[in-house]
Each structure stands twice: as structure tokens, then as C-alpha cells.
Amino acid sequence: MAAAQGRSSDGTGGMDDVKDTQTKERGAGVPEVPPAFSGAVEALRNARLRPQVEVEPTPAPQRLAPYAYAVEAVVLDGEQELADGRLVLLHDPAGHDAWHGTFRLVTLVRAELEPEMAADPLLPEVCWSWLTGALQSRGLTYGEPSGTVTRASSHYFGGLSERPAASQIEIRASWTPLEGLRGVPDTAAHLASWCDLLAQVAGLPPAAPGDGSVVTLPQRRGPQSR
């Protein structure tokens, strides 16, 4: 697969920055970040991931839920980018009818395809099975999955006619992770399964069981709140 589109920018900060922002926007006496959300974010930040997938925090959307945290990732082969994506953790302590829970994971994954793969009529179904299979292979329980798989082709003309035709696959999906002890889902395992999906879309072989070369997510940002 060829290089995917570029990544978005990220920032710096931490949990204290989130509390300060809440105080400034909502006034003194604002409640602390919910412990369940703090625990879920901490698990994400300490997740051990395969080294070919470079993951770092990025600004989260502010209007989807009261609390949100996001990471972006790129799959690298040397200096070549094979695929990229974004994973957002949403939390609403009051619950959400559509989620059937208080947490939701939302993702975008994309990669450029070789022509013969792009022509496969079963490609969208296969890509969706990669997502569900990545979750199931790690024994994760989840609910309310939904999403789209989009295949797009670009053909170049005029001054760009020397460029070869290009095809891209894009997976947009969301699901509700099972909440565990103290209402905290196993976000580290969900992040690892998402990285498995990214690697598979990029055409990398599965990671070996117990691979000791995995790395942890850089701790650059804290969770975001509205």
C-alpha cells in the first residue's frame, strides 16, 4: 500500500490543564474530572503498542460528549506512511441512549490501496470484518457497533496527468466498550486492537504473541472536557 494522508497536529498539556480549563470556563467549584474517565485515559496513555504504529495524543472534539480524549496514529515502513487514523474516547457520566453506556469509541482509519486490491468488490465487507475481528481477537466485549467503509478513486488530468491513478479506503466506525471495574472500560486493549486494525489495513503481518518490542503512548496531553 502507498502512503496515506498526513496526520493532524497535536498539543501539550496534562490533567491539571483540563481542570484549570474547566474552572475558567465554568467558574469556581467545578467538579473534578470523573474518576472513570481519568482511569480510562490513564490506561490509554500507558498502553503497550506495536512499534510500527506511531501513536500520539491529539486535540479531541469538544461537542460530542462532556469529556473526550483523542489519539492519532500512523503506520510506518521506514519513512513511508502506509496508513493513518484517529481514535476518540467519549464519556458522558449521565449515559447516552444511542450508546447504551457512558463511554463510546469513535475512529477514522484510512490507507491508499494497490489497484488490484481496490478493485475487489468485497473490499468494504472485508475491511469491516477487520475491525470486528481485531476486537474479537483480543476477547473484547462491545455493543452498538456502527460505521461506514468508503472506497474512493482519483484520476489525474491536464497538468497532473503524469500521476498514476490512486485509490483509498476509509473506515469510520464507533462502538460502546464494556465497562469493567468501577465503570472503567479496558481502553488499553481497545487501543491495541485499533492498532491491529491499522496494521492490517496497511498490509503488515500480525504482531507475534507476547511481542516484547511494543512501546507505550507518549504522555503529552490530558483528556479534554467541554
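No experiment lies behind these values; they were computed from the predicted model shown.
Connection of Val184 to Val71 is not established within any shared hydrophobic cluster, with ILVMFWY side chains joined at heavy-atom distances below 4.5 Å, either directly or through further cluster members. Under the 4.5 Å side-chain heavy-atom criterion for Ile, Leu, Val, Met, Phe, Trp and Tyr, Leu44 and Leu181 are members of distinct hydrophobic clusters. In the hydrophobic clustering of this structure, Leu108 does not group with Trp128; members are Ile, Leu, Val, Met, Phe, Trp, Tyr whose side-chain heavy atoms approach within less than 4.5 Å, directly or through other members. Val149 and Val126 fall within a single hydrophobic cluster, where Ile, Leu, Val, Met, Phe, Trp and Tyr side chains are chained together by heavy-atom contacts under 4.5 Å.
Between Leu198 and Gly85, the shortest heavy-atom distance links the atoms CD2-N, 4.0 Å. The two residues Pro93 and Pro34 have their closest heavy-atom pair at CG-CG, 3.9 Å. In terms of heavy-atom proximity, Ala43 sits nearest to Ala188 at O-CB, 3.6 Å. Between Val201 and Ala111, the closest heavy-atom pair is CG1-CB, 3.4 Å. Across Cys127 and Ile169, no two heavy atoms sit closer than the pair SG-CG1, 3.8 Å. Scanning all heavy atoms of the two residues, the minimum distance from Val75 to Ala199 falls at CG2-N, 4.2 Å.
Side-chain contacts under 4.5 Å among hydrophobic residues (ILVMFWY), followed directly or transitively, place Leu160 together with Tyr156.
Within the 3.5 Å criterion, the main-chain N or O of Trp99 finds a donor-acceptor partner in the side chain of Thr176. Checked by atom type and distance alone, the side chain of Gln168 never pairs as donor or acceptor with a backbone atom of Ser153 at under 3.5 Å. Not one N or O on the side chain of His100 forms a donor-acceptor pair closer than 3.5 Å with the backbone of Gly143.
Taking 4.5 Å as the limit, some side-chain heavy atom of Val88 sits within range of a side-chain heavy atom of Pro61. In this structure the side chain of Leu90 never reaches within 4.5 angstrom of the side chain of Tyr67, judged on heavy atoms. You'll find the side chain of Pro177 stays beyond 4.5 Å of the side chain of Tyr142, heavy atoms only. Proximity of Phe103 to Glu179: side-chain heavy atoms (C-beta onward) are separated by under 4.5 Å at one or more points. Arg151 places a side-chain heavy atom less than 4.5 Å from the side chain of Pro124. The shortest distance between side-chain heavy atoms of Leu89 and Leu87 does not fall below 4.5 Å. Side-chain atoms of Leu135 and His190, non-hydrogen and from C-beta on, do get closer than 4.5 Å to each other. Counting heavy atoms from C-beta on, the side chains of Glu72 and Asp84 never come closer than 4.5 Å.
Remark: Tyr69 OH to Phe37 CZ distance equals 9.0 Å, nearest 0.5 Å. To the nearest 0.5 Å, atoms CD (Gln200) and CG (Leu131) are separated by 10.5 Å. In this structure, Arg45 CZ and Thr187 OG1 are separated by 12.0 Å, a value rounded to the nearest 0.5 Å. Arg110 CZ to Ile171 CD1: the interatomic distance, rounded to the nearest 0.5 Å, is 12.5 Å. Here Leu191 contributes atom CG and Arg138 contributes atom CZ; the two are 9.0 Å apart, rounded to the nearest 0.5 Å. In this structure, Thr107 OG1 and Leu105 CG are separated by 8.5 Å, a value rounded to the nearest 0.5 Å.
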*asked:* Would Gln52 and Leu76 count as a side-chain contact (heavy atoms from CB on, under 4.5 Å) here? Give the steps.
replied: CA-CA 6 Å; Gln52 299 95 334; Leu76 297 173; over 6 Å; no

*Dump the intermediate steps for side chain to side chain donor-acceptor pair (under 3.5 Å) on Glu112 and Ser167, then the final yes or no.*
CA-CA 6 Å; Glu112 290 188 14; Ser167 298; over 6 Å; no

*Check the pair Arg172, Thr150 against side-chain contact (heavy atoms from CB on, under 4.5 Å), reporting the backbone distance first and the verdict last.*
CA-CA 8 Å; Arg172 293 180 179 269; Thr150 304; over 6 Å; no

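Taking 4.0 Å as the cut-off between side-chain N and carboxylate O, Asp92 and Arg104 do not count as a salt-bridged pair.
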